[in-house]
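Presented below is the structure to which this report refers.
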Amino acid sequence: MAREFQRGHKAKISDLTPGTDLYVGVQIAGPGLTFDISCFGLDANEQLSDDRYFIFFNQPKSPEESIQLLGAQAGDTESFRVTLDRIPANIHKLSFTATVDGAGQMSQVGPGYIRIVAGGEEVVRYAFNGSEFTTERAVMLGDFYLKDVWRFAAVGQGFDGGLDALLKNFGGEVAEEEPAAPQPQGAAPSFAPPAASVPAPSFGAPAAPQAPQVPQPAPFFGAPAAQPPAPTPQQQMHAAPTMAAPLAPHGGMVPPPAPAPAPYGQPPQQPQFGQVPGQQPPPAPPYGQQAPAPYGQQPPGMPQGVPQGVPQAGAGLQAALQPYKETATGQRWTPQNQQLMRVDLTMGGTPVLARQGSMVMYQGKVDFSYKGAGFAGRIVGNATGQEMQLMRCTGRGQVFLAEDGSHLHAIELQGDGICVSAENVLAFDESLQHEVRRIEGHGIPGGALFTMQFQGTGTVVVKTHGVPVVLPVTPTTFADCNAVVAWSSASQVIISSQVRLRRNAYPGHSGETVNLQFRGAPGNFIVVQPYEV
């Protein structure tokens, strides 16, 4: 029986099926709408670094055929074949997307789904409909992503813009189609009848009828079946932008001469526009004055065709604000920069508990309420120093969180646990279990003998002063109790004292009298910040 996923649900592929030869079917439709359904093969930075792994109507398979576009079959609008054990090591994520081709919005689509079939049996289905979207023209439906093992996530994240914007989001480039060469005078038009469409391979599944019907189970993937024949030259191809690799210099072009070396201790200067490489630039103008523009040219920074004295607007503002635009990755938790975190409450359907006053902006219909710890919780918090003043965020929208410019780190837990001091917790999913844990021993200054332990499935956002370092736990791993931020819950923590009971002619100490020693099996870790509380 297929598992019904909601937006934001994740699972290991091995928990769904032992097979690695999978069928992915997408069903999406709307009145008067046509869709381009694609698969992006992304690297570890979630970028399309190799455009051969952009699988769509003009490029139906990857080089080693680990990802193949099959076409419409078994009631699906589009389908793919994915062989996980053949995907190369540089591909860490497969993102399945649907974009509106032409006019229209995702709010107009009817009920649809993305499903996974293995061995002829449907194992996962994520259903969606147009009420979940507004003006978006693209949607990221689901992801296969590699995190120690292959996993599947139901995304359902709308995306403004069409296929071009989606390509740019993944780091791809869009090449403009070159206009067709004009026909010579007197030549007869070489029109050819459109080629008959080739049915997609069904792998034993019945072909989908014209009338809507209940989707049939997709076929069992055994040995790879024969691929569909390549399109004939007369076949009409979809007029959409295609990926373009960086162009190499044409033969015969002479590269420009290298610039003159810069003075010792100074970085090399790039030649200005219109300046011959190696030529000395003109002297800088006096402080507070602008250098005059060359004869016949606009002053620097002024758009072409705009008279002097007119304030800049339009493209100039857009270019200046572009680096600070909101980042949408289709994930529930998305860092906007090192100090700002965005959580999408529409994904997963689980409320978020955040530190009171940490919200800096939100979009949509979001409700903020007080989250009390109860009488017993307040007593424990006051006694251990691990009390957290929290608010509960619910609704449908995006909430942006930050506090005091601290660096923020989203740590996703998949049934494992982590220990974090309450002072270093900014927010976490309400689905996580959290409790106060006592560190065995005594002698830590300030009475910091306790920490918060988080366990379960969800995300906890940890804040640090500066960029932290993560170290593996070894038998000789020690950390200052005032600098350590978090550690794996399976680690054993022991208090280590550097105080020696001996007489000293010059009394005093190094300031490092009490440390924490960590022990544990391989795989355990600690997180230390470059700051002492």
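Scope of the values below: all heavy atoms of this structure, side chains included, with no hydrogens, waters or symmetry mates. In what follows, residues are counted from 1 in the order of the sequence shown.
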Rounded to the nearest 0.5 Å, what's the gap from [atom1] on [X] to [atom2] on [Y]? Could you check?
{"X": "Asn129", "Y": "Glu132", "atom1": "CG", "atom2": "CD", "answer": "5.0 Å"}
{"X": "Ile67", "Y": "Ile91", "atom1": "CD1", "atom2": "CD1", "answer": "6.5 Å"}
{"X": "His407", "Y": "Met341", "atom1": "NE2", "atom2": "CE", "answer": "12.0 Å"}
{"X": "Thr99", "Y": "Asp36", "atom1": "OG1", "atom2": "CG", "answer": "4.5 Å"}
{"X": "Ile37", "Y": "Leu69", "atom1": "CD1", "atom2": "CG", "answer": "9.0 Å"}
{"X": "Phe80", "Y": "Lys61", "atom1": "CZ", "atom2": "NZ", "answer": "15.0 Å"}

_Run Gln455 and Gln453 through side-chain hydrogen bond (donor to acceptor under 3.5 Å, both in side chains) and show every step you take._
CA-CA 7 Å; Gln455 197 163 8; Gln453 177 175 319; 3.3 Å; yes
Is any side-chain heavy atom of [Y] closer than 4.5 Å to one of [X]?
{"X": "Leu432", "Y": "Thr459", "answer": "no"}
{"X": "Glu122", "Y": "Tyr23", "answer": "no"}
{"X": "Trp150", "Y": "Thr20", "answer": "no"}
{"X": "Leu141", "Y": "Val155", "answer": "no"}
{"X": "Leu84", "Y": "Leu22", "answer": "yes"}
{"X": "Lys463", "Y": "Val485", "answer": "no"}
{"X": "Ser95", "Y": "Asp143", "answer": "yes"}
{"X": "Ile418", "Y": "Val460", "answer": "yes"}

Within the 3.5 Å criterion, strictly below it, is a donor on [X] or [Y] matched to an acceptor on the partner's side chain?
{"X": "Asp404", "Y": "Ser406", "answer": "no"}
{"X": "Asn337", "Y": "Tyr324", "answer": "no"}
{"X": "Thr346", "Y": "Arg7", "answer": "yes"}

*Only one of Asp101, Thr97, Val109 clears side-chain contact (heavy atoms from CB on, under 4.5 Å) with Phe35; which?*
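In the set Asp101, Thr97, Val109, the residue that makes a side-chain contact (heavy atoms from CB on, under 4.5 Å) with Phe35 is Val109.
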*Could you walk me through whether Glu136 and Thr134 pass side-chain hydrogen bond (donor to acceptor under 3.5 Å, both in side chains), step by step?*
CA-CA 6 Å; Glu136 299 93 334; Thr134 54; 3.2 Å; yes
*So does Lys147 have more than 12 non-hydrogen atoms from other groups sitting under 6.0 Å from NZ?*
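Enclosed.
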*For atom CD of Gln433, decide whether the heavy atoms of other residues, nucleotides or ligands shown that lie under 6.0 angstrom number more than 12.*
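No.
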Between [X] and [Y] (side chain of the first, backbone of the second, donor and acceptor by atom type, cut-off under 3.5 Å), is there such a pair?
{"X": "Glu78", "Y": "Gly71", "answer": "yes"}
{"X": "Arg81", "Y": "Val24", "answer": "no"}
{"X": "Thr83", "Y": "Asp85", "answer": "no"}

_Phe152 and its ring pair (Phe, Tyr, Trp, His ring centres under 6.0 Å) partner, picked from Tyr145, Phe144, Tyr126_ =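 When Tyr145, Phe144, Tyr126 are each tested with Phe152, the ring pair (Phe, Tyr, Trp, His ring centres under 6.0 Å) holds only for Phe144.
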*Looking only at non-hydrogen atoms, find the nearest pair between Val399 and Met359 and report the distance.*
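For Val399 versus Met359, the nearest heavy atoms are CG1-CG, 3.7 Å.
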*Looking at Tyr370 and Leu390, what are the two nearest heavy atoms and their distance?*
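Heavy atoms of Tyr370 and Leu390 come nearest at CD1-O, 4.1 Å.
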*Please step through side-chain contact (heavy atoms from CB on, under 4.5 Å) for the pair Arg137 and Met106, ending with a clear verdict.*
CA-CA 5 Å; Arg137 300 189 63 248; Met106 283 297 172; 5.8 Å; no
*Do Phe368 and Tyr362 make the cut of ring centroids closer than 6.0 angstrom?*
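Aromatic pair counts; centres sit under 6.0 Å.
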*Hey, do the aromatic rings of Phe428 and Phe454 have their centres closer than 6.0 Å?*
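Yes, ring centres under 6.0 Å apart.
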_Determine whether Glu412 and Gln414 satisfy the following criterion, side-chain hydrogen bond (donor to acceptor under 3.5 Å, both in side chains), listing intermediate values before the conclusion._
CA-CA 7 Å; Glu412 182 182 359; Gln414 295 285 347; 2.5 Å; yes
*Using the salt bridge (charged side-chain N to carboxylate O under 4.0 Å, His left out) rule, take Arg86 and Glu64 through it: C-alpha gap first, then chi angles, then the decisive distance, then the call.*
CA-CA 7 Å; Arg86 296 176 60 186; Glu64 71 292 322; over 6 Å; no
*Can you sort out the partners of Asp15 under side-chain contact (heavy atoms from CB on, under 4.5 Å), two or more places apart, ordered by chain and number?*
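Expected list: Lys12.
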*side-chain contact (heavy atoms from CB on, under 4.5 Å) with Pro63: which residues, sequence neighbours excluded?*
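If we apply the side-chain contact (heavy atoms from CB on, under 4.5 Å) test to Pro63, skipping adjacent residues, the hits are Arg52, Tyr53.
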*Please walk me through it: do Arg392 and Asp367 pass salt bridge (charged side-chain N to carboxylate O under 4.0 Å, His left out)?*
CA-CA 8 Å; Arg392 192 168 185 261; Asp367 180 62; over 6 Å; no
*Just do the side-chain hydrogen bond (donor to acceptor under 3.5 Å, both in side chains) check on Thr350 and Asp429 with the steps written out, would you?*
CA-CA 7 Å; Thr350 304; Asp429 288 323; over 6 Å; no
*So Leu413 and Thr457, side-chain contact (heavy atoms from CB on, under 4.5 Å) or not? Walk me through it.*
CA-CA 5 Å; Leu413 302 180; Thr457 301; over 6 Å; no
